Every structure is written in C-alpha cells, then in structure tokens.
Number of protein chains: 2
Amino acid sequence: MKLTTKGRYAVLALTELALAKENSLVKITEIAVRQNISSTYLEQILLLLKNSDLIIGVRGPNGGYKLSTSPENIMISDIVNIVEGRMEAKGCVSKSGSCTGVSGRCLTHDLWDELSRHIELFLGQISLKDIIAGNVLGRSSPPKVLELK
Amino acid sequence: MKLTTKGRYAVLALTELALAKENSLVKITEIAVRQNISSTYLEQILLLLKNSDLIIGVRGPNGGYKLSTSPENIMISDIVNIVEGRMEAKGCVSKSGSCTGVSGRCLTHDLWDELSRHIELFLGQISLKDIIAGNVLGRSSPPKVLELK
DNA sequence: GTATTTCTTGACAAAATTACTCGGAAAATA
DNA sequence: TATTTTCCGAGTAATTTTGTCAAGAAATAC
Ligand code: FES
Ligand code: FES
C-alpha cells in the first residue's frame, strides 16, 4: 500500500469540507492556512478529487469547494484510492517478469495481496462522518476473535 | 505505513531460509540469483535482520545464513519493522508542530493511528511457517462480523 | 601459514518518487 | 471590465529508495 502526505492532506481537507455547514463553500486557501499546507499543492489534490466527482468546485468570487454528497457516503478508501492512485500489490520481480503473470506466483504473493485487501476493507468501513464524529476507535475487529480461530 | 521492495525482499529472503533444511546454511548469492535481486543490496537487508538477531550469519567456506529460530516463531511484522524502520503514523503537520504533541491532535489522528495498529496486528498474526504452508488466505477477519457491529 | 570463501561494514551514486512551485487560462461575480 | 476563485499543464527541488563499490574480518581447507 501507499500512504503519503498527499493522502493525508486529502483526508484532512475533506474533513474540513465535511465540517462546513451544509452546501456552504470552502476556499482552498482557508484550508491551506488553517492546516498549514502549501495551498498550490492542495490545489492539485483537490483537483483530483473533483475530477473523480467526490467534491464539487465552484469558481468565481465566493467560490470554493463542497462535498458532492453527504459525509456518511464518502469512505476514506475512496479518497485515498483517488489521490494515491489505486493501491497496487505490485508484488515481486520473479524471474518470469511481473508479478501479475498467472504462472509463477511466489510464496509471498498471497500475503501482500491479502494485506492490501485488508487495508482497503478497513478504510472502506470508515466514512468522513465517522471521522468528524470521532467514531474511529474500536472499529478494528477485536483481537480475541482471531486468537480463538 | 511504509512498504517498499526492501520489505518484500526481506520477507522473500526469509521464506527461502525457512524453506531450507533445518540448520542448513543458505548463501546470499543463492537467494539473489534465484529471486533475481541485486546480491549486494540483499546483503544490506540481511545484515539488518542479522543485527536484530532474527537470522544468524556464518562466515567462511560453505557459510551462509539461517534462521535463528523456527519459522513459526518469526512473524512478518517482525521482519517488516526491522527493515523498513518502525512503522510510524507520522501524522499531520498541524500548526503546533509535530503530530506527537499531546495538545493539538487533529481529527484524522486516530484514523492513521488505528490503521497502523490494524496493519501491525494483521502482519503480527502471520508467521513464516504460515507463508511456506500457503496458509495466508482467510486470515483476515470475516467482513460479516464487522457489518453486524 | 596461505589461499579461498563468505559475511561485515561504511561510504557513496543512481534512480525513482514525492512534494511543491509557477504561469497562465477559464469561469463566475460585480 | 476588473476581481476572485477554481482549473490545468508543466516544470523544479527535496527526499527516499535502490543499488554499487571497495576494503576488511572470520572461518575453513589445504
Ligand atoms: S508477489 Fe511474488 S509473484 Fe506476486
Ligand atoms: S495526525 Fe494530525 S495530530 Fe496526529
């Protein structure tokens, strides 16, 4: 998986939008200043999210951004997938070229595959609403269940 | 989290060691050739694992590496943590400096924290033995449990 | 002891990725 | 028209990842 500041900025920015009053517009610079992020960098990121229709941009004076749907419908995995590019379990560089080849999977292939799936599952369960509600902890499956398995 | 080829090489190399006959030594070059990895690069990686006492290096003719303990006692999280450096949920760059500051946690803090914990938990449940046994799939907690929650 | 094999160590260089900047265009408002 | 804001493409700087090199140390075989 890949998780850089880009992804974190994106989630942070969208929490700000989620926090704003319904249908009100938030400017890039507002977010950038408040979060101490480069505003031109943030532009790039929000543009990606806008092109994927996760947010809506309005130009002109008093313009800005807003979420295209309500916070509970936007999952963190959506956001991260868009800005970081699809999480690829690129896999190993076995003799037979790329990992995707069906023929020669190495022993660790399933491991990384499963890890990716696991992460995606986790982030796919948490919405922007959960975040602004502080409803994140305890979301992970309880360890005891797995120990018993 | 951080997961680069370094971590994947490390796990791959250690599966090779786990696959070898008990107490037999495997040379760096053997692994490097078989997996098509730069042998000098692999040196670096195995050195880290050796300095953390996960593996044992024996010099001289017919030398090589072997696991310091049995495969079921070595968890993937151990390996990754060593070579990639401890997975840090570095967090955001809020106004008040670093994320670690107790004072100003942003809303996303818990999210990344929990994600890290989740990943570590997952990789901490899978041993080298599981990998060579192909016993990785189905390790993740079943989705339905979480849906019910 | 000498030669050979193999790990050990540290410093260095190439390549790739990430993070960020810049200059301007397009749309909306006033 | 002038101003504000998003949109867009390209380019640069910084950092990290990946890999190389050269020299040394320990063990073994002869
Ligand atoms: S990771 Fe090795 S074949 Fe896919
Ligand atoms: S991630 Fe924002 S304060 Fe820790």
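What you are looking at is a predicted structure, and each value in this text was computed from that prediction instead of being measured. In what follows, chains carry the letters A, B, and so on, assigned in the order in which the sequence lines appear, proteins first and then strands, with residues in each chain numbered from 1.
For the pair Leu46(A) CG and dC7(D) P, the interatomic distance rounds to 9 Å; values are reported in whole Å. With rounding to whole Å, Leu25(B) atom CG is found 11 Å from dC7(C) atom C1'. Between Ile45(B) atom CD1 and dC7(C) atom C1' the separation is 15 Å, expressed in whole Å. If you take CD1 of Ile28(A) and P of dT21(C), they are 13 Å apart, rounded to a whole angstrom. In this structure, Glu43(A) places its CD atom 12 Å from C1' of dG24(C), rounding to the nearest Å. Going from atom CG of Asn51(B) over to atom C1' of dC7(C) covers 11 Å, rounded to whole Å. Note: NZ (Lys66(A)) to P (dT5(D)) measures 17 Å, nearest angstrom. Between the C1' atom of dT20(D) and the CD1 atom of Ile37(B) lies a distance of 16 Å, rounded to the nearest Å.
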Polar-atom pairs under 3.5 Å, protein N or O versus N or O of nucleotides 11-16 of chain C: list them with distances, or write none.
unit_1, atom_1, unit_2, atom_2, d
dA11(C), N6, Gln44(B), NE2, 3.4

For nucleotides 26-30 of chain C, give me every protein contact, N/O to N/O, under 3.5 Å, one pair per line with atom names.
unit_1, atom_1, unit_2, atom_2, d
dA27(C), O4', Arg59(A), NE, 3.4

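Taking 4.0 Å as the cut-off between side-chain N and carboxylate O, Arg117(B) and Glu120(B) do not count as a salt-bridged pair. Using a cut-off of 4.0 Å between Lys/Arg side-chain N and Asp/Glu carboxylate O, Arg34(B) and Glu16(B) are scored as salt-bridged.
Cluster annotation: Val58(A) is not connected to Ile31(A) through the hydrophobic network of ILVMFWY side chains, with a link wherever side-chain heavy atoms come within less than 4.5 Å. A chain of hydrophobic side-chain contacts below 4.5 Å, direct or via other Ile, Leu, Val, Met, Phe, Trp or Tyr residues, connects Ile132(B) to Ile74(B).
Nearest to the side chain of Lys50(A), among dT20(D), dT21(C), dC8(D), sits dC8(D).
At the phosphate of dT17(D), neither OP1 nor OP2 sits under 4.0 Å from any side-chain N or O atom of Tyr41(B). Between dT21(C) and Ser38(A), a contact under 4.0 Å exists linking OP1 or OP2 to a side-chain N or O. Of the side-chain N and O atoms in Lys6(B), none sit less than 4.0 angstrom from OP1 or OP2 of dT17(D). Between Thr29(B) and dT6(C) there is no side-chain N or O to OP1 or OP2 distance below 4.0 Å. Of the side-chain N and O atoms in Thr40(A), one or more sit less than 4.0 angstrom from OP1 or OP2 of dT21(C). Side-chain N/O atoms of Tyr65(A) include none lying less than 4.0 angstrom from OP1 or OP2 on dT5(D).
The aromatic rings of Tyr9(A) and Tyr41(A) lie perpendicular to each other, with more than 60° between the two planes, well past the 30° mark.
The backbone N or O of Leu48(A) lies less than 3.5 Å from no partner atom in the side chain of Asn51(A), so there is not a single donor-acceptor pair. Remark: side-chain polar atoms of Ser127(A) are not paired, donor with acceptor, to backbone N or O of Met75(A) under 3.5 angstrom. In this structure a side-chain-to-backbone donor-acceptor pair under 3.5 Å is missing from Ser70(B) to Glu72(B).
A residue-by-residue look at Leu47(B) and Gly63(B) shows that Gly63(B) has its nearest nucleotide of DNA chain C further toward the 5' end.
The closest side-chain heavy-atom distance from Ile131(B) to Leu14(B) is not below 4.5 Å.
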